[in-house]
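Please read the structure below before turning to the comments.
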Amino acid sequence: MHHLLDRLNPEQLAAVKHTEGPLLIMAGAGSGKTRVLTCRIAYLLDQGVAPYRILAITFTNKAAAEMRERVNQMVGAQAKDIWLSTFHAFCAKFLRMEIENLPGYKRNFVIYDSGDSQSVIKSCLKELNLDDKMFAPNATQSAISNAKNLLLDVRDFARQADNFHAEKVGEVYKLYQQKLEAYNALDFDDLLMLTVQLLQQNQTVREKYQNKFQYIMVDEYQDTNRAQYLLIRILAEKHHNLCVVGDADQSIYGWRGADIRNILDFESDYPQAKSIKLEQNYRSTQVILDAANAVIEHNADRKPKSLWTDNQAGETISCYKAQNEQDEAHFIADTMTKLNMVYRRPFGSMAVLYRTNAQSRALETAFNYTGIPYTIVGGVKFYDRKEIRDIMAYLRVIFNPEDTVGLLRIINVPRRGIGDTTIGRLMAYAAENNVPLFDAVSNPDLVPGLKTKAKQELESLAALIFTLLGKAGTLPVKDLINLTMKESGYLAELEKEDTPQAESRIENLKELLTVAKQYVTEGIEDNLENFLSHVALVADIDTAELAEDRATLMTLHSAKGLEFPIVFLTGLEEGIFPHTRTLMNEEELAEERRLCYVGLTRAQQKLYLTYTEERTLYGNTVRFRPSPFLTEIPPNLMDAVTVTGQKASSFGQPARKIMAAPTGTVHSFNAIHSSGIVNSSSAVHSSGAVEWRTGDKAQHPKWGIGTVIQVRGIGENQEVHIAFPNNGVKTLSVKFAPLTKV
DNA sequence: GACGGTATTGTTTTT
DNA sequence: CAATACCGTC
């Protein structure tokens with residue numbers, strides 16, 4: 001045990017040993033907070049605390065799994081009894097045991113993802129005859145979601161509605177909630193809201209869990225919302241041994257209801273709280289940290305904090321200005337190839353980060369062309385694929401036949417001749433008699449107006465579901481999936497199709513079987529209930545295999561908590577990052593800046609920043625200015641890089657050289673862009689400033705004509721090094737120096 | 001009731 | 001430029 005603690009610095013050690021009473025750990029990026037948390041758990045166990053009395057909440061399943069693995073290495077098998085999961089997974093586990101204490105819900109509830117929930121919202125809007133211009137499904141859905149995150153139930157919401165629109169949304173909320181209850185389904189937000197409501201209302205249950213959890217730890221505390229905050233507060237009320245870890249500068253989920261005040265106010269919430277700052281960074285070079293610190297300092301109202309490191313200064317940051325997104329992607333692909341071939345850096349050490357998922361498209365194209373192996377995290381999610389959703393819908397209906405969204409999804413998949421008319425009649429019958437849709441499906445004789453063929457089909461569908469349902473209790477999940485695919489005729493229909501697309505769908509279904517198999521080995525009981533919860537709550541980032549030798553592409557949000565030796569931060573344009581929607585609002589802009597801070601601090605050794613002059617945005621070409629964040633980075637930390645070499649040939653591999661060498665940068669005098677288009681020797685910024693490139697001739701009133709030999713920074717913050725034949729090399733700031741291009 | 005065509009619509013980030 | 005929604009035809 002003690003040798004584990006030996007490797008901690010004094011602050012880390014203090015955080016590990018302060019086990020009694022509230023503790024706030026302000027942990028800067030890369031300051032070893034995961035190590036602190038895992039050591040803290042091991043320390044508690046070593047002190048004789050029972051594992052099941054420890055509750056640790058992380059932000060992603062991946063982080064939970066990683067932490068469990070590390071604790072496991074330290075303390076062995078007892079690690080498995082620690083309550084270690086995400087908020088949502090914790091609530092799901094809790095509600096599986098306790099939900100029947102709430103009226104209306106049953107323990108075999110299903111969890112609806114945002115797609116499912118949106119389809120319920122749509123049907124509510126239709127039923128209430130609301131104009132979908134004024135009540136966009138998306139906006140309505142997020143209004144309801146926000147309400148739930150603030151723990152406003154249907155009643156509270158109606159009470160605080162002070163205008164027509166809000167009142168109507170309140171009606172949608174009410175109907176939506178009624179439907180979910182009728183379907184015995186919970187959406188993501190319900191998991192949290194109902195957990196808190198149950199704990200608040202039911203003293204017996206509350207005390208049971210308050211007593212149980214003697215030590216509570218919450219990671220990424222800056223990203224907790226109101227519901228999560230209250231959940232933790234209630235659970236910690238008895239023992240007060242609450243340790244929260246976070247970094248206000250990395251709060252990036254405000255749009256999802258996260259309230260940064262939860263961490264800022266921790267000391268006033270818990271006056272006896274001890275607080276510890278972890279400011280030594282073990283991850284990044286000094287250059288990278290200086291850049292990150294400089295950017296985040298532009299945020300107002302922030303508790304001063306400054307990361308430092310013993311690491312080397314490291315390489316300067318390279319900044320590439322691209323013509324368009326294809327050019328940007330090619331620069332990245334070529335640079336990666338060079339890093340891999342010349343400097344022997346594995347692709348697995350590189351990550352490309354972007355603000356929006358849509359930006360991955362151009363990158364993917366370039367990577368496929370260049371042959372760089374990559375994994376995309378997020379985007380088109382595995383579980384969002386049609387065939388996966390279809391089979392999952394079957395499983396859900398088997399688990400809970402009242403799941404009407406699932407039932408509607410599969411009622412005519414594969415095609416069995418049950419069309420809109422029949423469905424309409426079934427729905428009408430169900431509504432009139434106030435029974436689940438499944439009752440109508442399984443008793444078609446009672447439903448008026450059905451044709452004989454429809455009745456037959458419905459009966460055989462019901463029989464299929466009953467058969468599978470009967471076996472669900474005993475069969476391993478993978479066998480159940482197999483049976484479902486066969487007996488439903490789903491697989492047969494795909495096989496009959498005999499197209500490449502159908503082929504790849506079959507492949508995906510096989511992948512689902514693999515998931516169901518691997519899931520068993522994870523030591524959780526192999527039943528449908530666990531599998532459904534697992535699938536509903538697992539994000540792509542959790543399953544992505546980042547260890548392989550593949551470059552990783554993902555959004556900045558997904559990158560949180562990860563680190564890579566080499567990071568490309570792309571699309572640094574005003575309107576992309578920061579995103580247009582945030583430009584008008586100071587608080588949202590500050591969140592974008594924190595996101596930038598998160599992105600910069602992912603890099604361990606080398607950082608590349610890229611931006612483009614123009615970009616195709618749904619159909620048309622848009623011009624952007626460079627991101628303001630770029631000018632917030634001190635120019636002496638950053639070099640402008642260019643791509644040089646021959647024009648790409650139309651056939652075979654493009655013959656190009658990258659001059660963005662990791663150390664010491666040399667620029668060609670004939671800059672040619674990788675798109676093969678000759679770049680004009682100077683480009684004018686939208687802001688009006690002259691953009692300098694290495695090799696440009698510059699005239700200065702005092703020193704005469706010289707040659708630009710180095711460029712650092714971007715925009716008006718540029719610094720240029722110019723060699724004047726009679727006066728030597730001068731470093732000049734573009735903003736102030738009276739320079740003209742010649 | 002199925003299918004294929006055209007119109008329309010919309011893009012931030014995710015448990 | 002998608003992806004989806006809706007509509008008209010078979």
Side-chain angles (χ1 to χ4, degrees), chain A residues 57-64 85-92 111-115 117-119 122 126 132-133 136-139 141-142 145 148-149 186-193 220 223-225 227-228 251-258 325 353-362 377-381 383-384 386 411-424 451 453-454 457 533-542 554-560 571 575-583 585 588 591-592 594-596 598-599 615-622:
Chain A
I57 302 282
T58 60
F59 199 69
T60 62
N61 291 291
K62 188 186 167 70
S85 68
T86 63
F87 271 107
H88 292 269
F90 168 80
C91 292
I111 299 168
Y112 278 2
D113 66 19
S114 19
S117 121
Q118 188 162 87
S119 87
K122 278 183 187 162
K126 199 173 268 176
D132 58 0
K133 286 269 183 319
N138 263 334
Q141 187 182 28
S142 69
S145 171
K148 288 184 175 181
N149 287 155
L186 311 193
D187 66 18
F188 285 137
D189 306 310
D190 283 338
L191 291 171
L192 291 165
M193 184 173 76
E220 309 281 13
D223 285 324
T224 52
N225 61 33
Q228 293 164 332
S251 164
I252 55 173
Y253 283 98
W255 53 274
R256 204 169 85 181
E325 70 266 32
L353 310 183
Y354 37 79
R355 180 61 177 76
T356 65
N357 282 305
Q359 288 167 253
S360 69
R361 192 169 243 112
V377 176
V380 194
K381 296 182 183 79
Y383 294 110
D384 274 347
K386 183 184 176 301
I411 196 163
N412 197 31
V413 177
R415 301 226 151 74
R416 41 172 80 89
I418 301 173
D420 293 342
T421 343
T422 306
I423 293 172
K451 288 189 212 133
K453 176 171 184 292
E457 291 294 341
S533 293
H534 173 83
V535 170
L537 299 172
V538 162
D540 267 22
I541 182 76
D542 300 322
M554 64 188 147
T555 63
L556 286 150
H557 283 87
S558 298
K560 172 146 111 152
I576 297 287
F577 187 32
H579 195 270
T580 333
R581 284 200 50 167
T582 66
L583 292 174
N585 178 315
E588 288 181 58
E591 182 155 310
E592 296 284 295
R594 292 193 290 270
L595 190 57
C596 182
V598 168
R615 188 179 283 279
T616 316
L617 227 57
Y618 50 107
N620 31 23
T621 308
V622 194

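Each chain gets a letter, A, B and so on, in the order its sequence line appears, and its residues count up from 1. Here the structure is a predicted model, which means the values were calculated and not measured.
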For the side chain of A:H88, starting at C-beta, report the closest nucleotide among B:dT15, B:dT13, B:dT11.
B:dT15
What is the distance, to the nearest angstrom, from the CD atom on A:E592 to the C1' atom on B:dT13?
8 Å
Tell me which of A:F87 and A:G419 sits closer to the 5' end of DNA chain B, going by the nucleotide each one is nearest to.
A:G419
Under 4.0 Å, heavy atoms only, any strand: does A:K122 hit a base, just the sugar-phosphate, or nothing?
sugar-phosphate
Report yes or no: does A:E325 contribute a side-chain atom to a donor-acceptor pair with the main-chain N or O of A:T616 at less than 3.5 Å?
yes
Just N and O in the side chain of A:S114: are any of them under 4.0 Å from OP1 or OP2 of B:dT15?
no
Taking atom OH of A:Y354 and atom OG1 of A:T555, what is their separation to the nearest 0.5 Å?
6.5 Å
Nearest whole angstrom, please: distance from the P of B:dT11 to the CG of A:L583.
18 Å
Is a side-chain donor or acceptor of A:E591 paired with a backbone partner of A:G254 at a separation under 3.5 angstrom?
yes
What's the spacing between A:T60 OG1 and A:L537 CG if we round to 0.5 Å?
12.5 Å
Round to the nearest Å and state the distance from A:Y383 atom OH to B:dT15 atom P.
13 Å
Value in whole Å for how far the P atom of B:dT9 lies from CD of A:Q118:
16 Å
Sorted by position of nearest nucleotide on DNA chain B, 5' first, the leading residue of A:R415 and A:A136 is A:R415
Rounded distance in Å - CG (A:N412) to P (B:dC3):
9 Å
Counting heavy atoms not belonging to A:K386, are there more than 12 under 6.0 Å from its NZ?
yes
Whether A:N138 contacts B:dT11 is assessed here as follows: a side-chain N or O lying under 4.0 Å from the phosphate OP1 or OP2. Is that the case?
yes
Flag for A:Q141-A:S117: side-chain donor and acceptor within less than 3.5 Å
yes
Can you measure A:D113 atom CG to B:dT14 atom P for me and round it to whole angstrom units?
14 Å
What integer distance in Å separates A:I252:CD1 from B:dT13:P?
13 Å
Contact class for A:T422 (heavy atom, under 4.0 Å): base, sugar-phosphate, or nothing?
sugar-phosphate
Below 30° counts as parallel, above 60° as perpendicular, anything between as tilted: where do the rings of A:F188 and A:H88 land?
perpendicular
Opening and closing nucleotides of DNA chain C in contact with chain A, under 4.0 Å to non-hydrogen atoms:
C:dC1 to C:dA5
Distance in angstrom units between A:E457 CD and B:dA2 C1', rounded:
14 Å
B:dT13 and C:dT4, which share atom name P, separated by this distance in whole Å
15 Å
For B:dT13, is there a stacking contact with A:Y253, counting only centres under 5.5 Å and planes under 30°?
no
